[in-house]
There are 2 protein chains.
Amino acid sequence: MSELDDVVLARLVASDQRYTPARRALVAALRCAGGPVSIQEIQGLTDDLPQSSIYRNLSVLEAAGVVTRIVGNYEFGRFELAEDLIGHHHHLLCEECGAMLDVTVPPAIERQLDEALEKLAKRSGFTLHHHRLDLVGRCAQCK
Amino acid sequence: MSELDDVVLARLVASDQRYTPARRALVAALRCAGGPVSIQEIQGLTDDLPQSSIYRNLSVLEAAGVVTRIVGNYEFGRFELAEDLIGHHHHLLCEECGAMLDVTVPPAIERQLDEALEKLAKRSGFTLHHHRLDLVGRCAQCK
DNA sequence: TTGCTTGCAAATGATTTGCACTGCT
DNA sequence: AGCAGTGCAAATCATTTGCAAGCAA
């Protein structure tokens with residue numbers, strides 16, 4: 001049981017939830033993925049959990065703040081571990097095959113961006129919680 | 001008939017499509033909206049076009065390069081005029097009410113960002129086409 | 001007339017939910 | 001025993017599509 005598991009367990013307990021085998025399998029699958037994964041990919045990574053269980057347990061994990069659900073371009077939903085577990089990052093999104101990969105922007109850029117966005121948001125009376133940045137293009141395989 | 005209509009007409013013709021009243025109504029609705037709008041909002045903005053016509057015509061307009069389809073946070077799809085028609089911009093996204101508003105980032109920031117992202121993309125063997133930046137938070141009304 | 005467009009209703013596909021059952025505690 | 005978690009199948013919701021009728025070139 002790794003450090004990550006400890007944190008996950010703590011958050012589930014805080015939400016009055018158990019850390020069941022199915023949930024462990026989901027967290028393990030998300031951890032080894034290099035980016036947000038779809039339900040189908042999760043089914044491949046785990047031993048064929050039924051879809052409904054995947055959806056239901058991902059909802060529980062999301063409510064506990066362990067998992068984040070995002071949506072790619074068109075397609076369906078994708079899931080990843082929460083940013084405070086794996087660090088702030090962004091995504092490379094392949095227009096050809098729909099793959100999504102994690103990518104980290106240099107802190108200097110990130111900082112400048114945050115400052116600029118904060119000003120912009122304020123100008124619109126907007127309370128900024130966070131930003132989302134995707135790099136859209138074509139991945140190495142689809143070139 | 002405005003300048004925008006001329007461009008739209010030209011692109012539709014280039015796609016072997018007509019600029020019908022329904023399509024004009026859609027373009028007009030998208031033009032007066034201050035950001036990407038949902039199908040429901042479009043239904044409110046136009047004189048109750050049937051959903052299927054809205055979807056079908058938006059597809060035609062998207063194929064002609066006039067309209068871009070994006071997807072908000074969870075919810076459903078949203079549509080806006082193509083960036084080359086209304087200019088490069090980003091979105092303010094309200095977590096509370098789901099509203100999406102256009103926002104423009106200062107060119108200086110935009111330029112630095114582009115350079116940094118281009119380097120990052122190259123490092124992953126990725127061909128960068130464009131980027132997408134959303135400011136997520138709470139809008140003035142939902143504060 | 002010929003073919004694109006329309007509008008309804010039915011089909012699709014991702015996601016959610018009802019319900020009976022299993023397995024912890 | 002009591003309650004949360006499971007898995008199937010049915011329901012839901014946005015979106016797409018088939019098809020018959022309308023309209024424009």
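All heavy atoms count here, side chains included; hydrogens, waters and symmetry mates do not. None of the values given here were measured: they were computed from a predicted structure. Just so it is clear: chains get the letters A, B, ... in the order the sequence lines come, proteins before strands, and each one is counted from 1.
- B:Leu101 CG to B:His90 NE2: the interatomic distance, rounded to the nearest 0.5 Å, is 15.0 Å.
- Take the nearest nucleotide of DNA chain C for B:Arg23 and for A:Tyr55: the residue whose nucleotide is more 5' is B:Arg23.
- Residues of residues 59-70 of chain A having a heavy atom closer than 4.0 Å to DNA chain C, listed by number: A:Arg69.
- Taking the ring axis of B:Phe126 as reference, the NZ or CZ atom of A:Arg138 does not stay both within 45° of it and closer than 6.0 Å to the ring centre.
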- Derivation and outcome, salt bridge (charged side-chain N to carboxylate O under 4.0 Å, His left out), residues A:Arg69 and A:Glu62: CA-CA 7 Å; A:Arg69 177 206 188 118; A:Glu62 191 185 16; 5.3 Å; no
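- For the segment residues 33-54 of chain A, the set of residues with a heavy atom within less than 4.0 Å of an atom of DNA chain D comprises A:Pro50, A:Ser52, A:Ser53, in numerical order.
- Using a 4.5 Å heavy-atom threshold, the side chains of B:Val8 and B:Leu81 count as separate.
- Between B:Tyr19 atom OH and C:dT5 atom C1' the separation is 16 Å, expressed in whole Å.
- Rounded to whole Å, the distance from CZ on A:Arg78 to P on C:dT15 is 11 Å.
- At most 12 non-hydrogen atoms from other residues, nucleotides or ligands lie less than 6.0 angstrom from NZ of B:Lys122.
- Between B:Lys119 and B:Asp114 there is no salt bridge, since no side-chain N of the basic residue sits under 4.0 Å from a carboxylate O of the acidic one.
- When rounded to the nearest whole Å, the span between CG of B:Leu58 and P of C:dG7 equals 14 Å.
- Comparing B:Arg18 and B:Gly77, the nucleotide of DNA chain D nearest to each residue sits closer to the 5' end for B:Gly77.
- The side chain to side chain donor-acceptor pair (under 3.5 Å) analysis of residues 47-59 of chain A, with sequence neighbours excluded, yields the pairs A:Arg23-A:Asn57.
- Taking the charged nitrogens against the carboxylate oxygens, A:Arg78 and A:Glu41 do have a contact shorter than 4.0 Å, which makes a salt bridge.
- Residue-to-nucleotide contacts include a donor-acceptor pair under 3.5 Å from the side chain of B:Arg56 to the base of C:dG7.
- Between the CG atom of A:Asn57 and the P atom of C:dT16 there is a distance of 13 Å, given to the nearest Å.
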